[in-house]
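First up is the structure itself, then whatever we jot down about it.
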Amino acid sequence: VVVVEEVGVVVVGAVEVARSLVRYARALGYEVVVVDGRASFATPERFPDVDRIIVAWPDEAFETLDVGLNDAVAILSHDPKFDEPAIVEATRRGCRYVGAVGSRKTQSDRRERLADAGLTADEIGRLRGPIGLDLGGRDPAETALAVMAEIVAARRGGSGVPMRERLAAETARPRAA
């Protein structure tokens, strides 16, 4: 019997980075949902490759989503009134990956507000922010690639370390006699 693990990516914020992120996620076989409260941004024309578009506030949208341990939530909206309810909902549902955009200052301020909202230090510590691996990307597609790489690493237990460095470290370890 083959068990197929359903894995989803929920993207909060129908921004330019999201357009590339959903294409990468679909290419990797993820079920993809885009959530945004702005109907003019969250459209099938802008996101033809998604499984579902939800035009709603994140806390309302999460009421209709069945997400949990197998799922990733990428919060790209850059707006606390969208970001923080999505972080709280995704964290409380035990999503494997919860990441949010923002500078170090934004992340610091956000973490204080999340504590005030009732998240524990452990829950806040699971938040990946700033989101993505450091690939040096500059444009939206490169940023999306960094986010998708971090999602895959979280799912598969990857380190994000370049393979040559990981292999060099393994080769340098002394072998047990």
Side-chain angles (χ1 to χ4, degrees), residues 2-13 15-35 49-51 67-78 82-84 86-115 119-177:
V2 175
V3 177
V4 177
E5 176 186 22
E6 287 193 32
V7 180
V9 173
V10 177
V11 179
V12 177
V15 297
E16 215 40 49
V17 170
R19 295 179 75 187
S20 294
L21 181 58
V22 300
R23 285 193 300 273
Y24 297 146
R26 290 294 297 158
L28 292 170
Y30 290 84
E31 181 179 334
V32 183
V33 177
V34 171
V35 174
D49 301 320
V50 301
D51 295 292
V67 296
L69 181 61
N70 288 333
D71 301 302
V73 179
I75 299 142
L76 307 176
S77 49
H78 272 294
F82 285 104
D83 298 352
E84 290 162 21
I87 292 166
V88 169
E89 294 296 328
T91 301
R92 291 200 171 136
R93 285 171 168 73
C95 293
R96 178 183 319 264
Y97 176 93
V98 181
V101 295
S103 67
R104 279 188 229 136
K105 169 99 172 87
T106 297
Q107 297 296 333
S108 176
D109 294 346
R110 173 184 289 145
R111 289 170 196 279
E112 287 181 27
R113 289 190 300 270
L114 291 171
L119 289 186
T120 67
D122 285 345
E123 289 171 326
I124 294 168
R126 288 185 40 238
L127 174 63
R128 295 175 187 252
I131 196 170
L133 297 180
D134 180 6
L135 303 181
R138 302 241 188 277
D139 69 27
E142 292 171 337
T143 300
L145 180 61
V147 173
M148 196 68 236
E150 189 175 42
I151 289 170
V152 171
R155 177 181 180 200
R156 301 293 188 193
S159 66
V161 172
M163 290 298 290
R164 67 186 165 109
E165 290 177 22
R166 187 179 70 90
L167 294 173
E170 287 176 8
T171 306
R173 284 190 207 131
R175 298 188 185 252

- Query: Which pairs count as salt bridge (Lys or Arg N to Asp or Glu O under 4.0 Å) when at least one residue sits in residues 127-146, sequence neighbours excluded?
  - Reply: R128-E150

- Query: Considering residues at least two apart in sequence or located in another chain, which fulfil the side chain to side chain donor-acceptor pair (under 3.5 Å) criterion with D51?
  - Reply: R26

- Message: Can you list everything that forms a ring pair (Phe, Tyr, Trp, His ring centres under 6.0 Å) with Y97? Sequence neighbours excluded, please.
- Response: none

- Note on the structure: With sequence neighbours left out, the residues meeting side chain to side chain donor-acceptor pair (under 3.5 Å) with D71 are none

- Task: Take L114 and V88, measure what side chain to side chain contact (heavy atoms under 4.5 Å, CB included) needs, and give me the verdict at the end.
- Result: CA-CA 7 Å; L114 291 171; V88 169; 3.8 Å; yes

- Sequence neighbours excluded, every pair satisfying salt bridge (Lys or Arg N to Asp or Glu O under 4.0 Å) that has a member inside residues 101-110: D83-R110, K105-D109

- Can you name the side chain to side chain donor-acceptor pair (under 3.5 Å) partners of S103, sequence neighbours left out? T106

- Just by modelled atom types, is the G68 backbone N or O under 3.5 Å from a matching donor or acceptor in the R93 side chain? no

- Straight-line distance of Y24 OH to I151 CD1, nearest 0.5 Å: 12.5 Å

- Message: Quick test of your reading of the model: are R126 and E123 salt-bridged, counting only N-O distances below 4.0 Å?
- Response: no

- Query: Mind checking what makes salt bridge (charged side-chain N to carboxylate O under 4.0 Å, His left out) contact with R23, not counting sequence neighbours?
  - Reply: none

- Message: My understanding is that only residues two or more places apart in sequence, or in another chain, count here; which of them pass salt bridge (charged side-chain N to carboxylate O under 4.0 Å, His left out) with E31?
- Response: none

- Message: My understanding is that only residues two or more places apart in sequence, or in another chain, count here; which of them pass side-chain contact (heavy atoms from CB on, under 4.5 Å) with S108?
- Response: E112

- Message: Going by salt bridge (charged side-chain N to carboxylate O under 4.0 Å, His left out), name the residues that satisfy it together with R111, two or more places apart in sequence or in a different chain.
- Response: none

- Item | Under the salt bridge (charged side-chain N to carboxylate O under 4.0 Å, His left out) test, residues paired with R113 that sit two or more places apart | E84

- Task: Mind checking side chain to side chain donor-acceptor pair (under 3.5 Å) for D49 and listing every partner two or more places apart, or none if nothing turns up?
- Result: none

- Task: Check the pair V147, V101 against side chain to side chain contact (heavy atoms under 4.5 Å, CB included), reporting the backbone distance first and the verdict last.
- Result: CA-CA 10 Å; V147 173; V101 295; over 6 Å; no

